[in-house]
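Every value quoted in this text rests on a predicted model; they were computed, and no experiment measured them. Proteins get letters first, then strands, A, B, ... in listed order; numbering begins at 1 in each.
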Amino acid sequence: MARAAVEPGLRPLAWEMRGRVALALAFVLLAALPFVLPLLGAQAVVGLATRMLIYAIAAASLNLILGYAGLVSFGHAAYYGVGAYVVGILYAHWASDEPLLGLVPGTDQFLLAVPAAVIVSGLAALVLGALSLRTSGVQFIMITLAFAQMLFFLFVSLDHYGGDDGLIMRRPNALLGLNLRDDATMYLVALGALALYLLLLSRIVRSRFGRVLSGIRQDERRVIALGIEPYPYKLAAFVIAGMGAGLAGALMANMTRFVSPDMLHWTKSGEFMIMVILGGVGSLFGPVLGAACLIGLEYVLAGLTEDWQFYLGPLLVLVVLFARGGLSGLLGRRAGVGGSDG
Amino acid sequence: MAEPVLRIEGLVKRFGGLLATNELSLDVGPGEIHALIGPNGAGKSTAIAQIAGELPSDSGRILFEGRDLAGLSGAARARLGLGRTFQVPRLLEDDTALDNVALAIQARQGHSFRFWADARRDAGLRGPAMAALERAALADRAETRVADLSHGEHKQLELAVALALGPRMLLLDEPMAGLGATESRQMTAILQGLKGQVAMLLVEHDMDAVFALADRVTVLVYGRAIATGLPEEIRADPEVRAAYLTEGDA
Ligand SMILES: Nc1ncnc2c1ncn2[C@@H]1O[C@H](COP(=O)(O)OP(=O)(O)OP(=O)(O)O)[C@@H](O)[C@H]1O
Ligand SMILES: [Mg+2]
């Protein structure tokens, strides 16, 4: 309660400045990481860190609807997977030199494939969101899950694109002469994408649109009594979140040069939810922490024991029980605004 | 008599076998305060929810400024100028008092598909919101989280939020409920000050307030209006006294 007391309203300018300096510093340190780690003989960790950054984008996008708008979507991996498949499928058509459906030429260009992935996953979110958002509560959770599983089985059945086995890209996308195969380069691209997406989210949650989302989470009937129809705002948030997940999927496709239906599986949606809850629902940087911790924990535990999943469960339960507001709440200073306390 | 602001004809609401609203008809003239009284469970809140568009009606018509509200969502009715307060305050508890009023101002200014500028630094929202809080005598609580406000302040803020929408009619569901004697008198004075400017349908158990404020009173029992009239007539009506005013309201 005490920590939340300063949260609403305007924060003093001095705090704001200090926060910005701290952020800039953190960004510089993170940007230096791929050059420092090899000096410490920890080259392999760069790839791990890249995965954390990419998952952080997916988790942060889910947090916009889950944490700020209170929409418990259990199918967020669908948009992540669609983003990845757009990159993979465009690459496959470029490699085979056959236009998609005889119309759309393939591409291996990052600056074409990734925006296309973001747009297509946004469209998928628009269609599925338009239908799911007619429901609420448990029904909403179940219908988002059902739609995501439908997409999962759709990609499993697409034998042309590898079906169950997925799709291998021989090379990552070409980006302005950069070599995305290089760990440090891929890391920096992911870091840049995360920074941009977080900047966008930080503006959105403070904007008029963000105020409406927060109102919808807190009391939808109150918002209606103000003359605001919640549905279009929820749908817009759902689409923005879907686009973020699509961006993460497109980056992951480039990093692993592999896409498969597993990326859309409901367990992946569950992982995203765990990242958000672990890091702190409704705080801007919580999902970044949550993604880093979950991926890091998986990595460490997997190195220690084969039954790592067995130990991961209780660890997560401990965090949820003892750190209200997740890890970012535990650290005592929540970077987001309008965080939920419930 | 001038065209009523609100006119209800034969309104019905059934919850399974329960007739919560039973052929209710009433009207509220321009600037008039029409009190709706009745024992607990009489269906007062249900009637308000039907008028506000939160509950669909089984039959009957609701006309607001001559316009049939059938098929209009709750939000659309609010935008037409039909404001309401809730019996149990519904406010954004995590936000400050100022934030709550600012969201009402924001809603009044049109759509909120604005994604970039900081709403909490928007003078076009904060200014009018602060003015609304001042009118409700809540200015010194502007930066307090709603969850930390007293019950009386919740009730005051509910009214301030409704007024910030610039309504042409207010549906007030027990604005005095849970208030102490002093707070009740304050709230009565505030409503007295609004009298004549906004039409009001006032649901209230506090008979002092009702008889001080109301131009007309309708008595609801088991969803049915058993009497409508001037406050003095209602006070004298034997049927009303038997059904409702027995608790020493002489
Ligand atoms: N959603 C609902 N489902 C079923 N029954 C309901 C529902 N809402 C209200 N009721 C019933 O309808 C009747 C009228 O309730 P309502 O809340 O309108 O009464 P009220 O006059 O506002 O009472 P109070 O003075 O206690 O606020 C009550 O018997 C109540 O139990
Ligand atoms: Mg009631």
Enclosure of Gln197(B) CD (heavy-atom neighbours >12, cutoff 6.0 Å): yes
Using only atom types and a distance under 3.5 Å, with no angle test, would you say the side chain of [X] pairs donor to acceptor with the backbone of [Y]?
X	Y	value
Arg203(A)	Trp116(B)	yes
Gln218(A)	Leu91(B)	no
Arg90(B)	Arg222(A)	no
Ser207(A)	Asp118(B)	no

Check whether any side-chain heavy atom of [X] sits under 4.5 Å from a side-chain heavy atom of [Y], and report yes or no.
X	Y	answer
Arg208(A)	Leu125(B)	yes
Val212(A)	Gln106(B)	yes
Arg211(A)	Ser112(B)	no

Audit row: Arg120(B), Arg206(A), side chain to side chain contact (heavy atoms under 4.5 Å, CB included) steps and yes/no: CA-CA 7 Å; Arg120(B) 283 189 168 120; Arg206(A) 288 177 164 86; over 6 Å; no
From Ile224(A) atom CD1 to Arg84(B) atom CZ, the distance as rounded to the nearest 0.5 Å: 11.0 Å
Interchain contact, Pro230(A) with chain B, by part (heavy-atom threshold 4.5 Å): neither
Contacting moiety of Ala236(A), where chain B heavy atoms sit under 4.5 Å: side chain
Basic-acidic side-chain contact under 4.0 Å: Asp94(B), Arg217(A): yes
Chain A contact via Leu98(B) - which portion, at a heavy-atom distance below 4.5 Å: neither
Engaged part of Ala104(B) at the chain A interface, taking heavy atoms whose separation is under 4.5 Å: both
Between Gly74(B), Ala119(B), Ala52(B), Ser73(B), the one whose heavy-atom pairs under 4.5 Å with chain A are most numerous: Ala119(B)
For the student: nearest non-hydrogen atoms of Leu165(B) and Leu226(A), plus distance: CD2-O, 3.5 Å
Residue pair Ala78(B) / Ala225(A): nearest heavy atoms and the distance that separates them: CB-O, 3.4 Å
Closest-packed option against chain B by number of heavy-atom pairs under 4.5 Å, given Ile228(A), Val223(A), Asp219(A): Asp219(A)
Plane angle bin for Phe115(B) and Phe209(A) - parallel if under 30°, tilted between 30 and 60°, otherwise perpendicular: tilted
